[in-house]
Number of protein chains: 2
Amino acid sequence: MLSRTRIVDAAIALIERAGADAVSMRGIAAELGVGVMSLYNHVPNKAALLDAISESVLSQIEFTDDPSAHWTDRVRMQARAFRQIAHHYPRSTMVVFSRQLHSTAGLLPVERALATLRDAGFEGEAAVRMLRMFVAYIVGSLLREVGVTPTFAPVRDEALVEVDPALFPEVSSLSPYLTSCDHDEEFEFGLELLVQAMAVRAEKRGARG
Amino acid sequence: MLSRTRIVDAAIALIERAGADAVSMRGIAAELGVGVMSLYNHVPNKAALLDAISESVLSQIEFTDDPSAHWTDRVRMQARAFRQIAHHYPRSTMVVFSRQLHSTAGLLPVERALATLRDAGFEGEAAVRMLRMFVAYIVGSLLREVGVTPTFAPVRDEALVEVDPALFPEVSSLSPYLTSCDHDEEFEFGLELLVQAMAVRAEKRGARG
DNA sequence: GCGTGACACGTACGCTGTACGTGCGTCAAC
DNA sequence: GTTGACGCACGTACAGCGTACGTGTCACGC
């Protein structure tokens with residue numbers, strides 16, 4: 001029997017195998033060995049299917065939150081959990097980022113994050129701000145890692161060799177670092193910087209309050 | 001006469017007016033009052049056209065870099081310049097983010113950023129790391145602002161009223177802050193936090209070196 | 001006058017999402 | 001046991017998409 005979850009799973013598998021551009025209702029139907037229109041008995045339209053994919057991916061984030069750990073470690077763990085699922089479904093992650101979601105999927109991650117931030121001493125608006133900043137960093141990082149580089153994080157080698165050292169001295173001299181990119185180290189670097197910056201703010205708040 | 005830039009400009013105008021989904025070769029041709037196939041005399045295919053759109057948007061970033069200013073102010077200015085163009089072409093920005101670019105457009109912003117980071121005391125790999133982290137934050141922020149919220153930065157009001165306070169106490173109590181979002185303040189908050197974090201690193205490096 | 005190239009355009013093909021109708025299986029009511 | 005309703009898989013059909021290819025119309029050098 002066909003079902004919504006079977007369709008979503010097949011769609012995710014197809015995206016990971018053939019890319020997001022290759023996702024068509026006909027392709028998904030073929031993946032499942034059914035007719036195209038059969039899908040519409042379980043999903044209203046393609047947009048809703050893509051939303052369901054987003055929801056599925058986000059809900060698979062594994063938060064093994066340890067309330068006894070120091071809040072800095074909990075922040076690190078949650079950020080890595082977010083990143084891990086994106087690496088598990090890299091191409092599907094792109095469709096998640098390219099869609100506005102109207103669901104409550106991923107509400108649990110937010111809940112956990114806010115609780116952690118409360119432990120760190122951030123409450124009310126400050127906690128929400130910190131959360132949004134963190135999410136922005138993580139999303140931006142994943143967007144780079146997953147393949148879409150907004151302003152070429154790892155620049156293409158061919159393009160760089162053409163760079164005129166006189167016009168772009170910095171880019172030219174730093175080209176070895178610009179062309180290579182260890183995503184793990186890069187992510188951890190920014191994560192650590194953010195955690196430390198948060199710790200500074202937390203101390204300030206603690207001193208004041 | 002038709003020209004590549006006229007086509008790109010029309011495409012951007014169409015995207016901003018009707019949304020990225022509405023971009024079709026036929027639509028762009030209609031916008032210009034020409035036949036569809038005439039476009040292909042100036043653009044090899046749709047993908048190349050979208051790349052040209054990205055290039056055009058990125059090249060319009062206005063960097064009025066002031067080398068005499070303190071590096072922290074220069075970082076702030078460059079980040080805001082990036083953000084400003086995204087606000088000028090919000091929907092086109094989404095196509096920029098959703099495409100991997102293979103061009104050297106936006107090489108100048110990178111050059112300026114690296115020069116600024118050098119002034120701040122970051123060289124070699126450290127400078128590139130800082131740049132990438134900054135870009136990640138900016139891109140992630142813009143992705144939220146521009147309308148696509150990965151894990152609902154400003155959560156939908158309707159969705160939140162249904163949240164069970166027993167299951168999601170934090171989300172529930174912080175809902176007034178989660179439902180509203182002053183993008184300017186939000187962006188400046190994160191920007192300031194990053195700049196301060198960078199300043200701390202810069203001092204450390206200075207003390208060591 | 002005569003190529004020759006640039007360029008706007010029409011036609012046509014294979015693809016897409018999906019509205020609609022059809023047929024088959026199962027189950028409830030009588 | 002018959003009948004009606006309903007869920008669900010499916011086929012057909014249509015509008016719209018990107019674009020390969022051929023055709024027409026110019027301005028130009030010889």
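Throughout, protein chains are lettered first and strands after them, A, B, ... in sequence-line order, and every chain is numbered starting at 1.
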field: Geometric class of the B:W71/B:F122 ring pair [parallel <30°, tilted 30-60°, perpendicular >60°]
entry: perpendicular

- prompt: Taking only residues two or more places apart in sequence, or in another chain, which ones meet A:D73 in a salt bridge (Lys or Arg N to Asp or Glu O under 4.0 Å)?
  reply: A:R76

query: In whole angstroms, how far is the P atom of D:dA20 from the OH atom of B:Y40?
result: 7 Å

message: Rounded to whole Å, please give me the gap between CE in A:M1 and P in D:dG7.
response: 12 Å

task: List the atom of A:K46, the atom of A:S24, and the distance in Å for their closest heavy-atom pair.
output: NZ-CA, 4.4 Å

- prompt: Any Lys/Arg nitrogen of A:D184 or A:R83 sitting under 4.0 Å from an Asp/Glu carboxylate oxygen of the other?
  reply: yes

field: Six-ring centre of B:F189, A:R129 cation under 6.0 angstrom, axis tolerance 45°
entry: yes

field: Smallest separation among heavy atoms of B:L131 and B:A113, with atom names
entry: CD1-CB, 3.7 Å

- prompt: Can you tell me how far C1' of D:dA20 sits from CG of B:L39, to the nearest Å?
  reply: 15 Å

message: What is the distance, to the nearest angstrom, from the CG atom on A:L32 to the C1' atom on D:dA9?
response: 13 Å

Within residues 11-28 of chain B: residues closer than 4.0 Å to DNA chain D (heavy atoms): B:V23, B:S24, B:M25, B:R26

Positional range of nucleotides in DNA chain C within the contact set of chain B, heavy-atom, under 4.0 Å: C:dC7 to C:dA12

